Amino acid sequence: MVRPPRSPRLRLRTGDAREVLATLPTGRSDVVVRDVFDGDATPPHVTTTEFVEDVRRVLRPGGVYLANCADRPPLHRLRAEVATFREVFGDAVAVVAEPALLRSRRYGNFVLAGIAPVEDERTEGTQDPLADLGSAALERALRSLSVPARIVHGPDTKALAGSTRPLRDPMA
């Protein structure tokens with residue numbers, strides 16, 4: 001078994017994402033990444049509002065949740081996940097993907113990002129973490145990748161979600 005390199009500031013957890021997440025302390029993570037698939041779909045139990053709320057719980061102010069979402073036209077999964085992210089993170093949501101994917105032209109991967117609000121008075125006067133999402137520098141960097149990408153962020157994610165409802169856990 002190959003073990004990942006050790007870093008004192010980076011901790012990787014293995015196991016069912018929802019079960020492991022429930023064991024993490026509140027407000028102590030800078031980044032949470034979800035890259036979980038069963039075939040070509042993300043398991044439903046890690047796409048719901050309740051799961052994303054638990055991710056938000058473990059993030060520090062300004063922390064980022066990144067999720068890989070694979071979808072195909074007409075982008076039902078993506079729209080539902082964007083609506084779910086917006087339910088928890090409000091306008092502090094972004095989607096990055098190739099332009100053709102955002103135009104619903106083919107199957108592919110989307111990266112969703114949610115940023116935990118910075119509400120702590122000790123962080124007053126620091127840069128707004130959302131400001132970078134709309135920066136010309138970020139958009140230019142995404143366009144110049146070997147596979148160019150585009151970012152949809154803030155209120156524009158509301159239009160992307162459309163009338164799709166957030167995903168919820170099934171009732172017990």
Side-chain angles (χ1 to χ4, degrees), residues 4-36 42 45-70 77-98 101-102 109-145 148-161 164 166-169:
R6 294 195 45 96
S7 171
R9 300 204 48 153
L10 176 65
R11 297 222 170 102
L12 301 176
R13 307 282 196 276
T14 59
D16 179 272
R18 191 146 184 181
E19 291 173 8
V20 171
L21 183 67
T23 68
L24 298 178
T26 298
R28 301 263 311 267
S29 297
D30 294 314
V31 178
V32 173
V33 177
R34 185 201 79 201
D35 192 17
V36 180
T42 302
H45 74 290
V46 295
T47 63
T48 65
T49 299
E50 293 81 2
F51 178 79
V52 178
E53 286 171 342
D54 207 22
V55 170
R56 168 61 193 95
R57 175 190 64 78
V58 305
L59 290 174
R60 290 183 175 155
V64 179
Y65 174 41
L66 299 170
N68 187 352
C69 173
R77 282 186 202 147
L78 174 67
R79 294 178 200 289
E81 287 218 45
V82 169
T84 303
F85 267 59
R86 287 187 54 80
E87 177 91 357
V88 177
F89 293 103
D91 280 344
V93 172
V95 178
V96 176
E98 295 176 55
L101 295 177
L102 288 167
N109 290 72
F110 302 81
V111 175
L112 285 78
I115 302 175
V118 178
E119 300 168 351
D120 189 342
E121 60 198 38
R122 291 174 291 167
T123 61
E124 191 172 322
T126 61
Q127 184 176 359
D128 177 4
L130 301 179
D132 290 336
L133 292 178
S135 74
L138 177 58
E139 290 182 12
R140 197 170 33 257
L142 289 170
R143 282 193 311 271
S144 67
L145 294 171
R150 191 172 137 233
I151 187 167
V152 176
H153 60 88
D156 292 338
T157 59
K158 184 176 184 179
L160 181 58
T164 306
L167 300 165
R168 304 259 184 235
D169 283 345

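Just so you know, residue 1 is the first one in the sequence shown, and it goes up from there. Owing to the predicted nature of the structure, the values given are computational and were not obtained by experimental measurement.
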T42: which residues meet the side-chain hydrogen bond (donor to acceptor under 3.5 Å, both in side chains) condition with it, sequence neighbours left out? none
Can you sort out the partners of A70 under side-chain contact (heavy atoms from CB on, under 4.5 Å), two or more places apart, ordered by chain and number? F37, Y107, N109
Distance, nearest 0.5 Å, that separates CD1 of I151 from CG of L142: 6.0 Å
Provide the closest heavy-atom pair for A149 versus V96 in the form atom of the first, atom of the second, distance. CB-CG1, 3.9 Å
All heavy atoms of F110 vs all of A97, minimum pair found to be CD2-CB, 3.4 Å
Using the side-chain hydrogen bond (donor to acceptor under 3.5 Å, both in side chains) criterion, which residues pair with T157? Sequence neighbours excluded. R86
Any idea which heavy atoms bring T164 and A83 closest together, and the distance? O-CB, 3.4 Å
Results of salt bridge (Lys or Arg N to Asp or Glu O under 4.0 Å) for R143 - residues two or more places apart only: none
Holding to salt bridge (Lys or Arg N to Asp or Glu O under 4.0 Å), I want the full list of residues that pass it with R34, two or more places apart in sequence or in another chain. E81
Could you list the residues that satisfy ring pair (Phe, Tyr, Trp, His ring centres under 6.0 Å) with Y65, not counting sequence neighbours? F85
Residue set satisfying salt bridge (Lys or Arg N to Asp or Glu O under 4.0 Å) with D30, at least two apart, ordered chain then number -> R60
Nearest 0.5 Å, please: how far is CZ in R57 from CG in L24? 7.0 Å
For A159, check side-chain contact (heavy atoms from CB on, under 4.5 Å) against everything at least two apart and list the hits. none
Might you work through the side chain to side chain contact (heavy atoms under 4.5 Å, CB included) test for E53 and T49, ending with a clear yes or no? CA-CA 6 Å; E53 286 171 342; T49 299; 3.6 Å; yes
Tightest non-hydrogen contact, residues V46 and A17, listed as CG1-CB, 3.9 Å
Side-chain heavy atoms of F51 within contact of H45, under 4.5 Å: no
Between T47 and T84, what is the shortest heavy-atom contact and its length? O-CG2, 3.5 Å
All pairs passing salt bridge (Lys or Arg N to Asp or Glu O under 4.0 Å) where residues 12-21 contributes a residue, at least two apart: R18-D169
Residues which pass side-chain contact (heavy atoms from CB on, under 4.5 Å) with R77, listed by chain and number, not counting sequence neighbours: D40, A41, C69, D71
Can you check whether V93 reaches L112 side chain to side chain, under 4.5 Å on heavy atoms? no
In Å and rounded to the nearest 0.5 Å, what is the CZ to CG distance from R79 to L167? 13.5 Å
Could you tell me which residues satisfy salt bridge (Lys or Arg N to Asp or Glu O under 4.0 Å) with R168, sequence neighbours excluded, listed by chain and number? E87
Does L78 form a side chain to side chain contact (heavy atoms under 4.5 Å, CB included) with L160? I'd like the steps, not just the answer. CA-CA 9 Å; L78 174 67; L160 181 58; 4.2 Å; yes
